[in-house]
Amino acid sequence: MAKPINISTPLSDQDVENLKIGDEVLINGVIYTGRDAAHKRLVDLINEGKELPFDISGQIIYFVGPTPPKPGQVIGSAGPTTSYRMDAYSPYLIARGLKGMIGKGARSQEVVEAMKKYKCVYFAAIGGAGALLAKSIKKAEVIAYEDLGPEAVRRLEVESFPAIVAQDVYGNNLYVEGMKKYAR
Amino acid sequence: MREIEASYISEKVKELCMEANYDLPEDVLLAFQEAKEAEESPLGVSILEQLQRNAEIARNERVPICQDTGFGVVFVELGEDVKISGGSLKEAVTEGVRQGYGEGYLRKSICHPFTRKNTGDNTPPIIHIDLVQGEELKIIVAPKGGGSENMSRVTMLKPSDGIEGIIDFVVNRVKESGGNPCPPIIVGVGIGGTFEYAALLAKKALLRHVGSSNADPELAGLEKDILNKINDLGIGPMGLGGRTTALAVHIEMYPCHIASLPLAVNINCHASRHKEISL
Ligand code: SF4
């Protein structure tokens, strides 16, 4: 396997243009969490013409709802949740400058179109590897929607967080290409 | 008559909830190793390796394998000669789940279907009770994640659809699920019974030792056949391409009505968690 590519947030158009499906990356810097309920609230704010609780441009959103941390832990287990449930919301956030999303499972055509138009990349993290992925999270802080519990928006600081480019800004899709390659 | 204290049952259920979420069964770990050795995709091998490391961390540090610590699904086999004292069986199990998810730092994932308001303690659980002979009480806790559960289906085939219809439906279900249920998956298949019973059979099939075969040679052959077809789809670990899509297909069957052919597919992710105890 080729060596993983180190990337740091915030991401520029050029950063995401350099990433191709199948690339293994190590993500460094600040990323934000959000899943179903938080996405609904963020998109409601956009539709009402209001400010988002954090500046989304150049950022990455990680679809995750972690377990509660044990005493002494920064965060509990924190692997990705299935992304298609966020498909209805992601295009709005991408249009606002979101540059990356981390989840699992393929995205819809609407999301792909937005990713191509506004330059955003979709990473797959390893689903069910929550204990391992938590090791790359060095700091976690709830910054919005505390009432949502595991679904609250958190600001995470990550070091060498492993992910794979699953869908790139050119419309390529590893879920389709990978399957083609190994089907019999 | 043998008496068992309700509080003792709660205590055991609590422990099982935690153990199940921290400690992946040996049969699943063995299946990872075998899959890794057979996997042709380098990315697939890398993913399987990380799943092994993840299971090791979870076991050693006693943290959840996956952040989705699931719905508390509990199977109880209650001996007819057992009397529960100091409370009801259902309350005892529910209390055990509440304590296990609280004290074990497990995620609370149960909510109201409309308002989506979280119940806050991962209750209520789903409890399946079977009355059996004797004076033993067996409890199996099988936390079930939402991602793979969402990919599961029940269908009522026509009798004329036959075995071919069954194979097609199961393989297509896995194909359409792609990377969503965190492959490599375990596929539980329930054939026959009624609408709800087929689903229960499929769920029970997931409790079997990974890779074990049905005792009926015809069903054992069908399990193998479907497994090969699924792995030939090329979905691979996490859906990113590879030869390991499913670790096992387990089928359970029951007679059905002359008019029907019920079929259920319950997909489980690689985080195939279940722990049991006999009291
Ligand atoms: S499908 Fe299973 S392994 Fe994947 S996130 Fe859900 S519970 Fe975890």
Side-chain angles (χ1 to χ4, degrees), chain A residues 1-2 4 21-24 35-37 40 64-73 75-85 103-107 124-135 147-151 162 164-166 173-184, chain B residues 21-22 40-47 50-51 53-59 61-69 102 104-109 116 118 120 145-148 150-151 175 177-183 228 231-243 245 269-271:
Chain A
M1 292 237 68
I21 56 166
D23 288 347
E24 287 193 83
R35 42 174 291 156
D36 309 53
K40 182 166 190 311
V64 58
T67 56
K70 282 170 81 163
Q73 271 187 321
I75 195 167
S77 293
T81 193
T82 321
S83 306
Y84 73 86
R85 299 194 314 272
K104 67 178 170 93
R107 311 305 305 273
I126 299 182
L132 176 71
L133 291 171
K135 297 270 178 210
D147 60 299
L148 294 178
E151 298 205 54
I164 300 142
V165 178
N173 184 342
L174 187 58
Y175 292 100
V176 174
E177 299 308 320
M179 191 166 160
K180 260 195 226 152
K181 193 163 165 194
Y182 293 98
R184 298 273 152 85
Chain B
N21 272 298
Y22 301 158
E40 293 167 20
S41 149
L43 184 57
V45 171
S46 156
I47 291 170
Q50 296 183 61
L51 290 181
R53 283 208 343 255
N54 181 67
E56 208 179 287
I57 294 172
R59 177 178 282 184
E61 299 183 12
R62 296 184 60 76
V63 294
I65 298 156
C66 176
Q67 74 293 334
D68 183 354
T69 51
Y105 297 92
L106 306 181
R107 198 181 77 187
K108 288 73 179 174
S109 312
R116 313 303 296 176
N118 202 298
S148 51
N150 282 346
M151 296 298 116
K175 187 172 179 187
S177 302
N180 294 336
C182 290
N228 287 335
N231 284 332
D232 277 347
L233 291 172
I235 292 171
M238 287 305 129
L240 300 174
R243 302 290 302 159
T245 302
C269 41
H270 58 79

SB check A/E151 B/R107 (cutoff 4.0 Å) |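 Salt bridge absent between A/E151 and B/R107.
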Evaluate the criterion salt bridge (charged side-chain N to carboxylate O under 4.0 Å, His left out) for residue pair A/K135 and B/E61; output intermediate values, then yes/no.
-> CA-CA 12 Å; A/K135 297 270 178 210; B/E61 299 183 12; 2.7 Å; yes
Could you please spell out the steps behind the side-chain contact (heavy atoms from CB on, under 4.5 Å) verdict for A/I164 and B/L240?
-> CA-CA 9 Å; A/I164 300 142; B/L240 300 174; 3.8 Å; yes
Closest non-hydrogen atom pair between [X] and [Y], with its separation:
X	Y	result
A/P71	B/Y105	CD-OH, 3.2 Å
A/K70	B/R62	NZ-O, 2.6 Å
A/Y182	B/G242	CD1-N, 3.3 Å
B/V63	A/A131	CG2-CB, 3.8 Å
B/L233	A/A183	O-CB, 3.4 Å

Would you mind telling me which of [options] has the largest number of heavy-atom pairs within less than 4.5 Å of chain A?
options	value
B/P181, B/A55, B/G145, B/S41	B/S41
B/P237, B/G234, B/G236	B/G234
B/E40, B/E56, B/R53	B/E40

List for me each residue that meets salt bridge (charged side-chain N to carboxylate O under 4.0 Å, His left out) alongside B/K108, sequence neighbours excluded, and say none if there are none.
->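 For B/K108, no residue satisfies salt bridge (charged side-chain N to carboxylate O under 4.0 Å, His left out) once neighbours in sequence are set aside.
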Results of salt bridge (charged side-chain N to carboxylate O under 4.0 Å, His left out) for B/R116 - residues two or more places apart only =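 Applying salt bridge (charged side-chain N to carboxylate O under 4.0 Å, His left out) to B/R116 gives none.
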Could you look at [X] and say if it's the side chain, the backbone, both or neither that has a heavy atom under 4.5 Å from chain B?
X	result
A/P66	backbone
A/K104	both
A/I21	neither
A/P162	side chain
A/A129	both

Could you give the distance from SG (B/C182) to CD1 (A/I126), rounded to the nearest 0.5 Å?
->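 B/C182 SG to A/I126 CD1: 10.0 Å, rounded to 0.5 Å.
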From CG (B/N228) to CZ (A/R184), nearest 0.5 Å =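 The CG atom of B/N228 sits 11.5 Å away from the CZ atom of A/R184.
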Tell me, for [X] versus chain A, whether the close heavy atoms (under 4.5 Å) come from the side chain, the backbone, both or neither.
X	result
B/N180	both
B/A271	neither
B/I235	both
B/T69	side chain

Do the side chain of [X] and the main chain of [Y] share a donor and acceptor less than 3.5 angstrom apart?
X	Y	answer
A/S77	B/P64	yes
B/Q67	A/T67	no
B/N54	A/L132	yes

A/Y175 six-ring centre to B/K175 NZ/CZ under 6.0 Å and within 45° of normal |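 Geometry flag: not set, cation outside 6.0 Å or 45°.
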Against chain B, work out which of A/A125, A/P68, A/G105 has the most heavy-atom pairs shorter than 4.5 Å and name it.
->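 Answer, by heavy-atom pair count under 4.5 Å with chain B: A/P68.
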